[in-house]
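For reference, the structure discussed in these notes is given below.
Every number for a ligand or one of its atoms is a count from 1 in the order of the listing.
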Amino acid sequence: MRFVADLHIHSKYSRACSRDCDLEHLTWWARRKGISLVGTGDFTHPAWYDHLTENLVEAGPGLFRLREDLDREIDRTLPPSLAAAPVRFMLSVEISTIYKRDGHTRKVHHLVYMPDLESAARFNARMARIGNIGSDGRPILGLDSRDLLETTLECGGYLVPAHVWTPWFAVLGSKSGFDAVADCYADLAGHVFAVETGLSSDPDMNRRVSSLDGYRLVSNSDAHSPPALGREATVFDTDLDYYAVRRALETGEGFGGTLEFFPEEGKYHVDGHRKCGVRMEPEETLAHNGICPVCAKPLTVGVLSRVEELADRDVPAPAGGFTSLVPLPEVVGEILGVGPKSKKVLAQVDKLTAALGPELVILRDVPVDDIAAHSPLLAEAVARLRRGEVVRDSGYDGEYGVIRVFEPGELTRRAASLALFDAEPAAPAEPARAPRKAPAQSAAEAPPPVAAPAPVGGSLLDGLDPEQRAAAAVEGGPLLIIAGPGTGKTRTLTHRIADLVTSRGVPASSCLAITFTRRAAEEMAERLAALAPEHAAGLTIATFHSLGVLVLREHHAAVGLSASFGVADPDRQLEVARTLVADGKAAKALVEARDERYLAALREQDLVDFDDLISLPLELLEGSPELVAAYRDRWRWVSVDEYQDVDEQQYRLLRLLAPPDGDLTAIGDPDQAIYRFRGADVGFFLRFREDFPTARVVHLTRNYRSSAAVVRGALEVIAPSSLVPGRELTPMVDHGDAAIGVHHAASEAAEAAFVARTVEQVLGGASFHAFDSGRVSSDGTRGLGFSDFAVLYRTDRQSRALVEALTRSGLPFQKRSHDRLAGRPGVARIAHEVGHAPGGTVLERVRAVAGDDHTAYELLKPLAAECGADVERFRAELALGVEVDTWDPRADRISLLTLHASKGLEFPVVFVVGCEDGLLPMRWPGDDDADAVDEERRLLFVGMTRAQRHLFLSHTTARPRSPFLAPLESFEQVGEARPRRRRKGTQLSLL
Ligand code: ATP
Ligand code: MG
């Protein structure tokens with residue numbers, strides 16, 4: 001049968017969509033319009049998915065219909081001309097992917113279809129591991145398009161790129177798309193067989209681009225409310241059958257072309273700036289070099305220009321038959337001189353459809369004479385429409401165009417001689433389009449990133465600057481590298497090690513590199529694998545804790561452990577202590593005091609705790625000169641990153657591993673010492689030269705990470721208590737005039753909302769809605785993805801408001817827990833493996849990678865933390881043997897981190913929230929230790945210097961502003977605060 005399908009719509013759970021978008025209304029409107037197959041939209045949304053499972057029943061292969069009882073209700077409210085027509089649903093969802101590929105921010109929307117609820121559920125479970133699917137019916141995921149397609153195929157569905165020409169959100173879009181569909185889907189491109197042309201283009205335009213020849217061109221409404229159904233649609237001549245529709249799209253057999261808007265009506269047809277009131281045809285845009293004559297910023301390049309750019313044919317190849325239409329309410333509205341959604345129009349369309357059948361049938365098939373019996377003017381309008389005789393006023397920059405059937409003034413003349421619809425004559429609807437003011441400049445703009453200079457010549461050390469190279473090239477002996485943030489300490493260290501093993505004949509097995517956090521160790525391992533791929537596997541790259549595990553595994557018997565001893569996490573420590581004393585508090589006290597009985601109980605269970613990981617190896621080595629000699633012999637080359645943060649035990653361990661004249665390289669920055677509260681002592685760093693009298697000392701002074709404003713600001717902040725006399729730090733990369741933004745918010749919730757909003761702004765509109773409602777600037781994304789953002793805070797508690805705000809905005813994020821996992825070598829890798837293990841229960845997966853149940857249990861908590869799942873649930877799921885929501889490692893997400901955990905990392909955009917007296921510096925009652933305050937200042941210094949391009953410091957009225965920000969007040973004003981965004985109690989100033 002020949003039927004009309006609309007396979008891209010949204011439910012009421014999508015942002016900015018009508019509350020009426022439920023199955024009943026959709027069914028009602030589908031009958032009214034004359035559509036037989038409708039996409040469900042939004043099937044990834046849990047509430048909508050439930051609504052679908054409750055109210056749909058299977059009807060034909062792969063399709064659904066509304067439950068019988070509901071369907072009958074609907075028919076009772078429809079005239080006989082519309083009732084009882086079949087309306088089927090196909091499971092559909094639109095997914096927005098935002099990610100980086102080849103240095104560009106890519107934002108692509110896709111339509112995904114599934115043949116049954118089970119496949120949809122499987123797909124949803126996979127998507128839930130990528131990001132938040134519960135906050136928006138059109139989820140925003142930080143996932144590469146290719147990977148989305150892969151998951152779609154694995155779950156048994158198919159994918160159609162959505163509105164392919166939309167500048168910001170589409171596979172061929174001028175702003176964040178690709179030049180060919182195949183580039184986007186890479187090796188899986190062959191599985192894409194249809195593309196949605198969108199409202200702003202029609203098949204003839206598309207056929208000018210030969211790379212689209214192989215694809216069926218489909219159209220859908222993208223309706224945000226039921227009355228918009230079918231404004232564009234696709235015609236099929238097949239059975240009402242999911243597989244038949246899919247086959248028609250694949251082969252063309254049974255594909256009946258599309259019903260189209262006149263492309264000029266689409267809101268991105270030509271070029272311009274809505275807010276500047278500037279609209280241009282492609283030639284005009286070219287003549288203006290793409291720059292807006294009002295605000296001097298790049299124009300929004302519409303679909304026509306983009307097609308022109310990619311077109312390689314002048315004359316369109318013959319496209320499948322398509323029909324250009326104007327929705328019936330618009331035609332009637334034009335005649336009545338009122339808006340298409342007005343009551344008057346609704347009433348007239350009610351009458352017309354009752355008499356003549358569905359709207360699309362009236363527009364396309366009903367003989368003009370039959371229409372004339374109701375309204376000669378409408379008959380004339382429909383006749384002109386069918387001949388394509390319309391007046392076109394093109395849409396641009398998010399503003400819909402207007403298509404009129406009558407010339408201005410014509411209706412007034414005709415109205416005198418012809419009845420409208422037994423209604424009063426009225427002035428024709430004049431499309432009003434008032435120019436708006438130029439938008440305020442976005443606070444979140446940055447120049448393009450500066451590429452690191454490519455290494456020339458053959459040596460690995462060529463990738464370093466002269467200072468760094470001198471440091472890396474030092475032959476043997478003790479070496480201390482003192483340098484500020486972003487000066488390439490870690491880079492120098494890794495290049496030095498790589499050079500030692502590749503060019504200076506040092507065996508990889510004699511190199512030991514130590515750092516503090518698991519993440520830092522992973523990062524170092526990655527960098528080394530890239531620099532010296534042949535040798536990387538032989539290197540020992542460890543945190544102090546994982547080094548401890550290594551030593552203990554090799555000498556377990558000496559401390560009374562088995563070879564497979566476990567490491568107790570804090571929960572397990574308490575459990576062990578509670579076997580000795582019932583009371584929780586008393587048990588905690590035992591653990592903290594490292595009571596002998598507690599330690600004995602641990603050993604009895606073949607366990608060690610985190611502290612043991614340092615103290616036991618230390619005991620071993622201090623008691624055995626032979627062991628010391630053996631390890632010294634094994635690791636001749638020892639390097640320690642972040643040396644300013646060693647504590648007494650770690651220091652002693654290091655001194656044992658490296659003799660006074662040994663080949664030890666220590667590198668660090670005293671001003672980034674932030675672990676005093678845990679016993680670290682920057683004094684060890686400061687006395688390196690006494691410990692190692694033959695040490696060479698090298699300084700690095702060039703900052704390669706941050707914008708000039710960030711470097712200057714950070715230096716001002718640390719100056720009052722800097723531990724490095726005459727500290728020098730010269731910004732080397734040009735990030736333009738990107739300033740530090742200081743934001744004042746009325747509450748913690750407002751502060752968190754500011755973060756979410758700013759992320760959207762910097763990305764140039766994560767969601768369609770953010771853009772359409774003018775909430776974001778139209779340029780300046782500069783190739784960023786979600787993983788380029790970090791939000792830093794002093795205490796974990798502060799993350800709550802952030803989690804809420806980001807969830808509400810549908811932005812994908814990931815909370816990185818503190819370096820709890822530092823002593824858990826390989827947990828990240830295991831989490832990764834568990835996450836990747838195909839199917840199976842958690843227990844099966846954890847067992848498979850952990851080896852045995854005992855280890856699996858030990859791994860539970862860190863795994864849960866790593867996976868972002870809460871521990872209780874994780875445990876419960878383990879017990880039940882159901883699947884766990886582990887994060888998909890391919891997903892791109894915003895990082896939420898404590899300031900402590902951010903050490904050594906870097907991000908293009910950094911927020912430090914809660915810059916308030918009492919939080920930063922953190923104050924404990926009765927504690928006014930000046931050293932403690934200095935350490936808090938260093939913590940802010942660490943946080944600020946994580947930023948590459950943008951840094952935002954925010955605070956709320958809950959407490960006084962942090963005194964640490966005082967030095968920033970004297971900064972010159974570099975940018976203007978954005979007045980438009982200012983809200984009550986909220987302001988942003990740029991320093
Ligand atoms: P931190 O104190 O925060 O640990 P760091 O001194 O260890 O900082 P790195 O992380 O090694 O600094 O380097 C900071 C950034 O600068 C990195 O992105 C690194 O690739 C880059 N960088 C360092 N040196 C150079 C260089 N010579 N040329 C280009 N880029 C460099
Ligand atoms: Mg570093």
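- Within the structure, ligand 1 has Gly463 among the residues with a heavy atom less than 4.0 angstrom away.
- Between the Asp462 side chain and the Ser459 main chain, a donor and an acceptor come within less than 3.5 Å of each other.
- Residue Gly484 has at least one heavy-atom neighbour below 4.0 Å for each of these atoms of ligand 1: 6 (O).
- The part of Gln468 lying near ligand 1 is the side chain, judged by heavy-atom distances below 4.0 Å.
- Without hydrogens or angle criteria, Arg636 side chain to Arg632 main chain gives no donor-acceptor distance under 3.5 Å.
- With hydrogens and angles disregarded, a donor-acceptor distance shorter than 3.5 Å links the side chain of Gln644 to the backbone of Asp669.
- Across the listed options Glu467, Arg469, Arg491, Met524, Arg491 owns the non-hydrogen atom lying nearest to atom 25 (C) of ligand 1.
- Panel note: side chain Asp892, backbone Gly785; no donor-acceptor pair is recorded below 3.5 Å.
- Atoms of ligand 1 lying under 4.0 Å from any heavy atom of Glu906, numbered from 1 in the order shown and given with element: 14 (C), 15 (C), 17 (C), 18 (O).
- Among the atoms of Gln948, none of the N or O lies under 3.5 angstrom from an N or O of ligand 1.
- None of Glu935, Glu936, Glu916 except one satisfies the salt bridge (Lys or Arg N to Asp or Glu O under 4.0 Å) rule with Arg794; the exception is Glu936.
- In terms of N/O distances under 3.5 Å, ligand 1 is approached by Gly486.
- Among the atoms of Gly488, some N or O lies under 3.5 angstrom from an N or O of ligand 1.
- Within ligand 1, the atoms closer than 4.0 Å to a non-hydrogen atom of Lys489 are 1 (P), 2 (O), 5 (P), 6 (O), 7 (O), 8 (O), 11 (O), 12 (O), numbered from 1 in the order shown.
- Of all atoms in ligand 1, listed by their number and element, those nearer than 4.0 Å to a heavy atom of Gly904 are 4 (O).
- If you look at Arg702 next to ligand 1, there are no close heavy atoms at all, none under 4.0 Å.
- Close approach of ligand 1 to Thr490 (heavy-atom distance below 4.0 Å) involves ligand atoms 5 (P), 7 (O), 11 (O).
- Between Phe911 and Phe952, the ring planes are parallel. Angles under 30° get that label, and only those over 60° would be called perpendicular.
- Heavy-atom separations between Thr945 and ligand 1 are all 4.0 Å or longer.
- With Ile497 as the partner, the side chain to side chain contact (heavy atoms under 4.5 Å, CB included) test is satisfied by one option alone out of Leu531, Leu528, Ile541: Leu528.
- The backbone N or O of Asp647 lies less than 3.5 Å from a partner atom in the side chain of Gln650, making a donor-acceptor pair.
- Judged purely by distance below 3.5 Å, without hydrogens or angles, the side chains of Thr694 and Asp661 never pair a donor atom with an acceptor atom.
- Between Arg946 and ligand 1 there is a heavy-atom distance shorter than 4.0 Å.
- Between Ser962 and Leu920, the shortest heavy-atom contact is OG-O, 2.8 Å.
- Listed by number with element, the atoms of ligand 1 under 4.0 angstrom from any heavy atom of Asp465 are 27 (N).
- A cation-pi arrangement is present between Arg655 and Phe692, with the terminal nitrogen or guanidinium carbon under 6.0 Å from the aromatic centre and inside a 45° cone about the axis.
- In the vicinity of Gln672, heavy-atom distances shorter than 4.0 Å reach the ligand 1 atoms 2 (O).
- For ligand 1, the atoms sitting less than 4.0 Å from at least one non-hydrogen atom of Arg527 are 10 (O), 11 (O), numbered in the order shown with element in parentheses.
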